[in-house]
Structures are given as C-alpha cells and as structure tokens.
2 protein chains.
Amino acid sequence: MPDNVVIREVGLRDGLQIIKEFMPTEHKIGWCQREYDAGIREMEVCSFVPVKYIPQFSDADELVAFALTLSELTPSALAPNLKGVARGMDLGVPKITCIVSASDSFNHANVKRPTEESLEEFRRIASVRDGRKGKERTKLIGGVSCTFGCTIEGRVAVASVMHVVEELLSAGADEIALADTVGYGDPALVRNVFSEVAKAAGDIPMSAHFHNTRGTGLANVVAALECGVRIFDSSIAGLGGCPNSPGATGNIATEDLAFMLEAMGFDTGVDPQGLIEVRQYVKRALPNIPMFGHIGDVGLPKSFRQSV
Amino acid sequence: MPDNVVIREVGLRDGLQIIKEFMPTEHKIGWCQREYDAGIREMEVCSFVPVKYIPQFSDADELVAFALTLSELTPSALAPNLKGVARGMDLGVPKITCIVSASDSFNHANVKRPTEESLEEFRRIASVRDGRKGKERTKLIGGVSCTFGCTIEGRVAVASVMHVVEELLSAGADEIALADTVGYGDPALVRNVFSEVAKAAGDIPMSAHFHNTRGTGLANVVAALECGVRIFDSSIAGLGGCPNSPGATGNIATEDLAFMLEAMGFDTGVDPQGLIEVRQYVKRALPNIPMFGHIGDVGLPKSFRQSV
C-alpha cells in the first residue's frame with residue numbers, strides 16, 4: 001500500500017496575496033472547483049485580513065461558502081489574529097492557520113510585535129476555540145515562519161524554532177506547519193529541524209511550506225518526507241513569493257509536486273495532468289502574472305504512471 | 001570532516017552543443033578560466049565530433065590545450081567513437097566520456113546502431129586505451145544515457161541499465177556516469193537505480209548527470225547523495241537541454257548545485273558567489289540564450305556559510 005500524502009493548494013491565499021490586480025470571484029471559484037476536480041482535497045482559500053490591507057481578499061466569505069459546498073474538500077484560511085480566527089470559525093472554516101515567526105525580528109517586521117506576544121495571541125485563540133460550545137471543533141494549524149532562516153537575522157537557531165513549536169503544541173495546535181518563508185532552506189537543515197520537531201509533535205501531524213526561491217523546494221520535500229512529513233503546501237504555477245525580488249519564484253508548484261510524489265509512489269489522489277489544465281485556466285485568468293514550475297511547460301514523462 | 005563532492009561543469013560541452021551561434025574561443029576560454037577561479041576542478045570542455053555535425057566544437061583542440069594549462073583542473077571531453085577517443089588521448093585529455101544508452105531505441109535514434117554495438121565499440125576503445133604504451137593512462141567514463149527513462153520507450157528497466165553498467169565495468173570503465181538524458185527521473189527511481197549500480201560498481205566511482213526538465217534535478221541529487229554519489233555534472237545557468245522543447249530547462253544549474261551542497265555541509269571547494277559572477281560573464285557572452293537557475297537571480301541567503 002503506498003503512503004498517502006496530502007497536497008494542500010495555497011495559491012488562492014499565498015499566490016493571490018501579492019497580486020494587486022483583483023481576480024474576479026468567479027475565477028477564484030472556477031480555480032477552486034478545477035483543483036478539486038483534479039483531486040485536491042485541502043485548499044487554503046483566503047486570508048481573513050482587513051480589506052484595506054489586502055483588497056484581494058474582499059470576497060473571502062464567498063470563497064469559503066463555495067469551498068464548503070465541495071463535499072470532500074477541507075478548506076482552510078489564514079488568520080492574523082483572534083478577530084480573523086473568530087470570523088473563520090463563524091463561517092465554519094474547518095482549519096485555520098495562525099503564524100508565529102521563529103525570528104523575533106521578522107515577527108516585528110511582519111506584525112509589529114515580538115514572537116512572545118504572537119504566542120500569547122495563539123494561546124488566546126486556542127482558548128476561545130476550546131470554549132465554543134455546540135459547534136464543530138475548528139482545527140488550528142500552528143504555522144512557524146522563518147523556520148529555516150530569515151532575511152533580517154540570517155540563521156535562525158533550531159532552539160528558537162523548537163520554542164515556538166512547543167508553545168504552539170502546548171496551546172493546542174492540531175498541526176505544526178514549518179514554513180521556509182524566505183527560501184533559505186536546504187535538505188540537510190530541513191532534515192535536522194523536522195527530525196527535532198517530530199520528537200516534540202508526536203501524533204500531531206507536521207506539514208511543510210517550502211518556497212522555491214533558490215531552486216531547492218522539491219529537494220527539501222524529499223528531506224521532509226524522510227522525516228515523516230505527509231502534508232505539503234504548494235501553489236499552482238508556483239504563484240506566490242516576494243513581489244520585491246525580481247526573478248524570485250514563489251511556492252513550489254503544485255503540478256510539479258504532484259508529479260514528483262506520484263512518480264515516487266506516494267498516493268496523493270491528485271492527477272498531475274489535471275493540474276496542468278488548472279494551470280492553463282489560472283494563466284488565462286491572470287495573463288500578466290509570471291508562471292513557474294516545469295511540467296506545465298513540458299508535460300509529464302512518457303514513463304509516468306499514477307501511483308494508484 | 002565534511003564529505004567532498006566534485007562538481008563537474010559540463011556547460012562548455014552539454015550547454016554549447018545545442019547553441020547554433022558560435023561562441024568565440026576567447027569567450028570559452030574566459031568562461032573556463034573563471035569557473036576554475038571559482039573553484040571548479042573538473043570540466044567537460046568539448047566534444048570530439050566531426051565539425052560538419054557540430055561546428056560549435058571546431059575549436060576543441062584549443063580548448064583542451066588551454067584547459068591543460070590550469071594546473072589543478074581535470075578537463076574531460078565527450079567522444080562518440082574510437083576515433084574521437086583517439087583524438088582526445090593524443091591531445092592528452094585525462095578523462096574521456098563515452099555514452100551508451102540503456103534504451104536500445106534511443107541508442108538507434110542517437111547513433112544509428114543498437115546498444116550492443118555501442119558496447120562493442122566501448123570494449124574496442126578500452127582495449128586501445130589499455131594498449132597505449134608509455135603514456136599517461138586516460139580514464140574512461142562509461143556514461144549510461146536514458147538511465148531513468150526514454151522519450152521513445154518510456155520506462156527503462158533497471159535490468160537494462162545494469163546490463164550496460166556491467167559491460168562498461170568489465171571493459172574497464174574508470175567511472176560510471178548515470179544520465180537522466182530526458183529529465184524523467186524522480187528521487188525514488190534515482191535511489192533504486194543508484195543503489196543497484198553501487199553494488200556492481202564497488203570501488204569505481206559513480207557520477208550523476210541530471211537534467212532539470214521537470215524541476216526534480218536537485219531533489220534527484222539528494223537521492224543520489226544518499227546512495228554514495230559524490231560526482232555531479234551541472235552547467236552554469238542550467239544551459240543545455242533540448243532545443244526542440246519550448247520551456248524545457250537544461251542541466252541542473254552549477255551555481256544552484258554548489259549552493260545546495262555547500263549549505264548541506266559538503267565540501268565542493270567551489271564558491272557559489274564566484275559562480276554567480278561566472279554566470280554573468282556567460283550571459284554577456286551569450287545574450288540571446290535563456291538562462292535558468294535561481295541563485296543567479298536572487299543571490300545567496302543571508303544565512304549562507306561556505307562549508308569549509
């Protein structure tokens with residue numbers, strides 16, 4: 001029996017958040033539906049941030065409502081604070097991601113408070129979540145940004161990562177997501193960090209969020225697989241990344257990730273050829289945005305067979 | 001003590017062979033010198049093919065002569081047959097690569113004869129090499145093309161690869177180079193094949209030649225490292241690949257490979273920042289050729305430290 005791996009599409013959130021041009025809601029819905037049809041069963045569909053900061057997510061409620069109609073889909077959303085999480089819980093989002101940076105400087109730069117205050121906010125969030133009576137329990141993904149390095153601090157100590165992970169776990173995180181926010185990770189570091197986190201996480205699943213900024217995204221996936229990671233974030237066409245770095249690619253491309261995992265014999269439930277068609281749909285909807293990834297241009301190998 | 005890994009630059013051969021526009025010899029020499037200055041100690045500098053087929057290599061003798069002046073460099077060259085190998089031996093090239101395809105159809109398409117005849121030619125070559133008296137012994141790299149799949153046959157059986165490897169070894173190959181000629185490899189297949197080849201090769205070194213056609217190049221490097229491979233081919237800016245596949249990237253990029261290996265703690269002796277400058281030199285010399293790779297665009301991480 002092949003191992004199952006979950007591919008979580010994050011393009012609708014991480015891809016779109018840096019795209020200024022508003023993508024019409026019907027295109028977002030078309031994208032969501034098509035990825036579902038290609039076999040994707042987890043999707044981060046929006047971020048609950050104030051519209052004045054990111055107008056792209058002004059239709060977050062509609063996206064969530066649509067995603068909840070797809071019977072086997074687990075939609076998730078990013079929330080920067082308790083207010084956003086409360087909104088997501090009210091909408092019935094089953095999984096919500098809250099991010100704390102392992103780099104204090106990055107946390108300051110990003111949300112204008114130290115890491116410790118973000119951890120305090122996470123504890124408040126978990127406590128509010130735990131106190132909700134008569135509702136489906138919302139799962140909280142404890143995301144750790146700058147796990148593998150930081151553009152301000154450079155190296156980030158494994159001890160700093162472990163501190164954040166342990167606090168997230170003790171507060172009640174249902175999943176630990178380690179993010180290579182700035183694309184500094186290499187397979188040896190990924191192996192080191194995930195094997196430490198695995199000891200702390202026990203039965204709580206770990207997930208990986210790799211950017212492909214320096215071309216090591218899929219290599220890092222191989223290292224994380226070896227540490228037992230079975231949930232990977234990615235975005236179609238590698239959308240995302242940093243708008244201020246010319247030439248910088250974004251997330252690992254969902255279609256390339258699905259191809260590699262299936263070729264390796266993992267069961268993702270996802271059809272890479274179907275994803276190539278989703279990519280074409282997104283390309284038509286976002287004609288001015290650079291697309292990354294490889295199999296979208298060159299197709300699958302003639303030797304390719306779906307794992308199941 | 002960190003493990004040593006050899007990065008063999010093949011851009012002057014694999015990169016240039018598909019570029020129609022003749023690169024002036026002085027630029028090839030400048031490229032060669034600059035990579036040497038960045039720490040590269042093995043370089044495939046040309047192919048000994050008739051000039052009427054690939055005019056780009058009309059200055060092969062000059063390139064070899066220059067490369068031999070770099071005291072710590074081991075230059076190598078590709079030769080399609082005994083005639084080419086004899087020419088290389090006469091010029092004093094210390095390592096010559098001869099390629100046999102694990103796919104019979106590909107061998108036919110490429111050199112118009114079956115795999116068995118190419119193996120016969122390899123035995124003849126090795127025998128001529130062994131018979132040369134009073135000369136430095138030329139090393140023969142036995143290259144296996146289509147190791148991980150073939151655009152004509154699709155999957156290539158591990159048994160076919162092993163047959164070619166065993167014949168090359170018994171004829172006297174000094175290194176076994178497994179090539180993902182068409183970019184079909186994935187880390188699981190790479191691990192399977194290299195671990196089988198390792199058993200047959202014993203003390204004879206193995207090397208890997210990965211194309212990044214489907215984005216898995218560096219992921220395949222991670223898998224090969226786990227099997228004990230310590231020699232990797234790559235080309236600056238990822239030059240190479242297939243001129244007939246729009247969007248298809250070529251070899252893994254030397255600068256990205258060096259960055260990843262050094263970040264992982266392997267000692268390559270190569271300075272990735274120096275390679276970024278070589279890439280700029282090559283870009284100026286070949287302004288119309290697409291350049292690939294990542295760190296050439298985004299630079300090294302702030303967290304980067306050279307392994308030694």
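Below, chain A is the first sequence line, B the second, and so on; all start at residue 1.
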Given B:Asn212, B:Ile252, B:Val190, B:Leu189, the one with more heavy-atom pairs under 4.5 angstrom with chain A than any other is B:Asn212

What part of B:Leu218 gets closer than 4.5 Å to chain A, counting heavy atoms only: side chain, backbone, both or neither? both

Reported CG-to-CZ distance for the pair A:Asp233 and A:Arg13, which is rounded to 0.5 angstrom: 8.0 Å

With chain A as the partner, which of B:Gly293, B:Gly299, B:Ala223 has the greatest number of non-hydrogen pairs under 4.5 Å? B:Gly299

Specify which of B:Gly215, B:Ser303, B:Ala219 makes the most heavy-atom pairs with chain A at under 4.5 Å. B:Ser303

Of the backbone (N, CA, C, O) and the side chain (C-beta and beyond), which part of B:Leu261 lies under 4.5 Å from a heavy atom of chain A, both, or neither? neither

Using the ring of each side chain (for Trp, its six-membered ring), is A:Phe148 parallel, tilted or perpendicular to A:Phe194, with breaks at 30° and 60°? tilted

Side-chain ion pair, B:Arg191 and B:Glu226, N-O less than 4.0 Å: yes

Flag, side chain of A:Arg8 to backbone of A:Ser234, donor-acceptor distance under 3.5 Å: no

Proximal component of B:Arg305, with respect to chain A [non-hydrogen, under 4.5 Å]: both

Are any side-chain N or O atoms of B:Thr115 and backbone N or O atoms of B:Ser101, one a donor and one an acceptor, separated by less than 3.5 Å? yes

With no hydrogens and no angle check, do the side chains of A:Thr216 and A:Asp186 hold a donor and an acceptor under 3.5 Å apart? no

Counting heavy-atom pairs under 4.5 Å with chain A, which one of B:Gly265, B:Gly217, B:Gly154, B:Pro301 comes out on top? B:Pro301

Using a 3.5 Å distance criterion without hydrogens, assess whether the side chain of B:Ser235 forms a donor-acceptor pair with backbone atoms of B:Gly11. no

Among B:Met260, B:Glu153, B:Lys302, which residue has the highest count of heavy-atom pairs closer than 4.5 Å to chain A? B:Lys302

Which answer fits B:Glu255, side chain, backbone, both or neither, if we ask what part of it has an atom under 4.5 Å from a heavy atom of chain A? neither

Separation between CD of B:Gln17 and CD of B:Glu44, rounded to the nearest 0.5 Å: 8.5 Å

Side chain from CB out, backbone as N, CA, C, O: work out which of these in B:Ile152 comes under 4.5 Å of a heavy atom of chain A, or both, or neither. backbone

So what's closer than 4.5 Å to chain B heavy atoms on A:Asn192: side chain, backbone, both or neither? neither

